[in-house]
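Proteins get letters first, then strands, A, B, ... in listed order; numbering begins at 1 in each.
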Amino acid sequence: MAELRTEEFQVNMGPHHPSTHGVCRLLLTLDGEKIIKVEPYIGYLHRAIEKICENRTYPMCIPILDRFEYVTAMSCNYVFSLAAERLAEIEVPERAEYLRVIMLELNRIASHMIFFGTTVMDIGALTPFLYALREREMIMDLFEMTCGQRLTYNYIRIGGVSRDIPKEFIPKCRETIKTIDEKIEEYKRLLNGNPIWKARTIGIGKLSPELAIAYGASGPILRASGVEYDLRRDDPYSIYDRFDYKIPTYQNGDVYDRYMVRLDEMQESCKIVAQALDGLPEGDIRAKVKPNFKPPEGEVYTRIENSRGEMGVHLISDGTNKPFRLKARGGSFAHLQLLPEISKGCLIADLVAIFASFDVILPEVDR
Amino acid sequence: MTKEELKSYLESNYPELTYSESGKYDLLFIVEAQKLVKTCEKLRDDVKLQFNYLGNISGVDTTENYLTVYQIASISNKLRLDIKVILPHDNPSINSVQSVWPAANWYEREIWELYGIEIHNHDNLTRFLLPDDWDQGHPMRKDWDAPDFIRFPQK
Amino acid sequence: MGLIKKLPVFAEKVPGGGIVTTSIEQVLNFAQAKSLWYLLFGTACCAIELMCTGASRYDFDRLGMIFRASPRQSDLIIVAGTITKKMAPRLRTLYDQMAEPRYVIAMGGCTIKGGPFYYDSYSVEKGIEHIIPVDIYIPGCPPRPESLLEGCLNLSKQIQKRKLGDWQEK
């Protein structure tokens, strides 16, 4: 039989595509099912958050930054508050630090739940999505109890947190993390032995540690490639040094490992929340900060470990009550840049799996 | 290596870097635009430092100058450093650090697009955040304005 | 006979037979109001709330609402999230690709008037009403799933009041 002649052709994936998790356009150059080249086109959600923050006072920036990375809005609140606190050298009360850690870790679990649900759904299993969002609602209840919102919290403020937790929070929180810890075991039982799931994920989208570091990958993606690097431990902030937790690291750097890192991380977060609840002291929840907050001149770049890697804020103050320049950095920006490198030669269906495993969320890319 | 040790190490071994007081938490050094790429290469390949990770590049418009600030880190040695380059306000241009850290690609594209700072030796300098038919200049500049741009009302 | 009792008030029962007489208009309206398939179009924060509404606790399916990834198969587009100037032509294209009769729900502040991005933003469309016609507005940033559900129920009521000739006018 004569060899079949094939031709390259281009396909647009997005900007409206269910598995791009938002509005990202990938221009694929294909040879049959095989991918020759991927070019991401972004900017469909470019909302000019950085420009807006230049014309807002410091407390007014926090709700805007909530929308910078809405799946873990607590981290956005926190990274900005931390930057302002480092500029003005504000001491945060103990109780506020504990509350912040509880909220950050609960938010990390909620975010990884979204990852788990959508990734598994993209690969073809619908049931885990319903399971994951069921457990996420329990965390949403806790957030509603504390700050009245489900998604954009505006809870962590400069110098502390906006309000104290209600009485019934602690027992409910303990129950929640206990349930979630058990449920994650159930997720693992549900999927890890599934031959279809394994075939779709193991060995797909391999990322070497050298490439990951060179392209600025961080968070779970870096750890799935065998680099044990966690900003909570390696660039310490808040009170994370008081808790006992492991940093899950896997060696292969494929889709399966990125998924496993996140599942393990959720369990570690449960441990941190339990310890923080045990150690929660009484006291103030907010340092004295003037309503018209004016940090001294200077600049600072703070970075924290978000569920999507390094989240950073570069804040420049000129001594007035508005930031002179605010640059927000999200992990997804670097990860999306990495996508063309590791998806060469794979199939379109695998590209969906790789994209999902990066857990890219577009507002963080476009801002 | 603590911050003080890093500071004294950089001051003694890197004459091209000048310490700046304005960095509040991490160390901030200023470097001349011509020496940027060489210095970055040296910082990355220095066995004692190994700044192999580029976190972020921010562009800044101070109305007198343009700045580009490189936030770099060392994963193996757990260090952090900021490097700042001061550019003139007229025809700002800078060399790409893509050859040092491939991650710089998109950050530099963004600076080129939003601030209008020319990047030399960049392999893919095309529009990506703004609409394809955008013709209103570089919106992150402080003096930028457009007819449908509404400022937040001031008291 | 239990089933007949559950049918809406427009049905006229013919005694002794399994026949129901009604108008085409009412049957069509009833069918569409109870099976609004929506286009999965989430751009920003509201998309997460849309997802939650579709999932376990709030459960869109009980209203007969199932998500579709293709505009050709959907009756309703829920615009969930900020629409930027770059995205606006794509939204119009998607709307044009949907078959008549089609409906639009604007979910969240951004789609109503730009929301928190009204001031100081150079790239956000200030409301979607000049891109596509909107039937229901749901305020909030983001709206809670309950308010989204109420919006959908209101749309469903609107559809049941619709006249057959209304389709072409829009």
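Annotation: cation-pi pair A:Arg67/A:Tyr70 absent, no NZ/CZ under 6.0 Å from the ring centroid and within 45° of its normal. Annotation: cation-pi geometry not satisfied between A:Arg25 and A:Tyr44 (NZ/CZ under 6.0 angstrom from ring centroid, within 45° of ring axis). Annotation: cation-pi geometry satisfied between A:Arg367 and A:Phe333 (NZ/CZ under 6.0 angstrom from ring centroid, within 45° of ring axis).
Here the straight-line distance linking atom NE2 of A:His46 with atom OH of C:Tyr122 works out to 3.0 Å at 0.5 Å rounding.
Contact of C:Cys141 with chain A is made through backbone and side chain together, with heavy-atom distances under 4.5 Å. The contact between A:Met138 and chain C is made entirely by backbone atoms, counting heavy-atom distances below 4.5 Å. Heavy atoms of A:Glu144 lying under 4.5 Å from chain C belong exclusively to its side chain. Residue C:Ile83: no heavy atom, backbone or side chain, is found under 4.5 Å from chain A. Heavy atoms closer than 4.5 Å to chain C are found nowhere in A:Glu54, neither backbone nor side chain. Looking at A:Leu151, only its side chain comes within 4.5 Å of chain C, counting heavy atoms on both sides. At a 4.5 Å heavy-atom cutoff, the contact between C:Ala55 and chain A is made by backbone and side-chain atoms alike. Proximity to chain A is limited to the side chain of C:Leu94, based on heavy atoms less than 4.5 angstrom apart.
Counting heavy atoms from C-beta outward, C:Leu155 and C:Gln158 have side chains that approach closer than 4.5 Å.
Between chain A and the residues C:Leu39, C:Thr82, C:Asp59, C:Leu40, the most heavy-atom pairs under 4.5 angstrom are made by C:Thr82. Counting heavy-atom pairs under 4.5 Å between each of C:Pro116, C:Ala69, C:Ala44, C:Ala47 and chain A puts C:Ala44 at the top.
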Residue pair C:Glu25, C:Arg162: steps toward the salt bridge (charged side-chain N to carboxylate O under 4.0 Å, His left out) verdict: CA-CA 8 Å; C:Glu25 189 177 273; C:Arg162 190 186 52 189; over 6 Å; no
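Salt-bridge check for A:Glu185 with A:Arg189: failed, with every basic side-chain N at 4.0 Å or more from each acidic carboxylate O.
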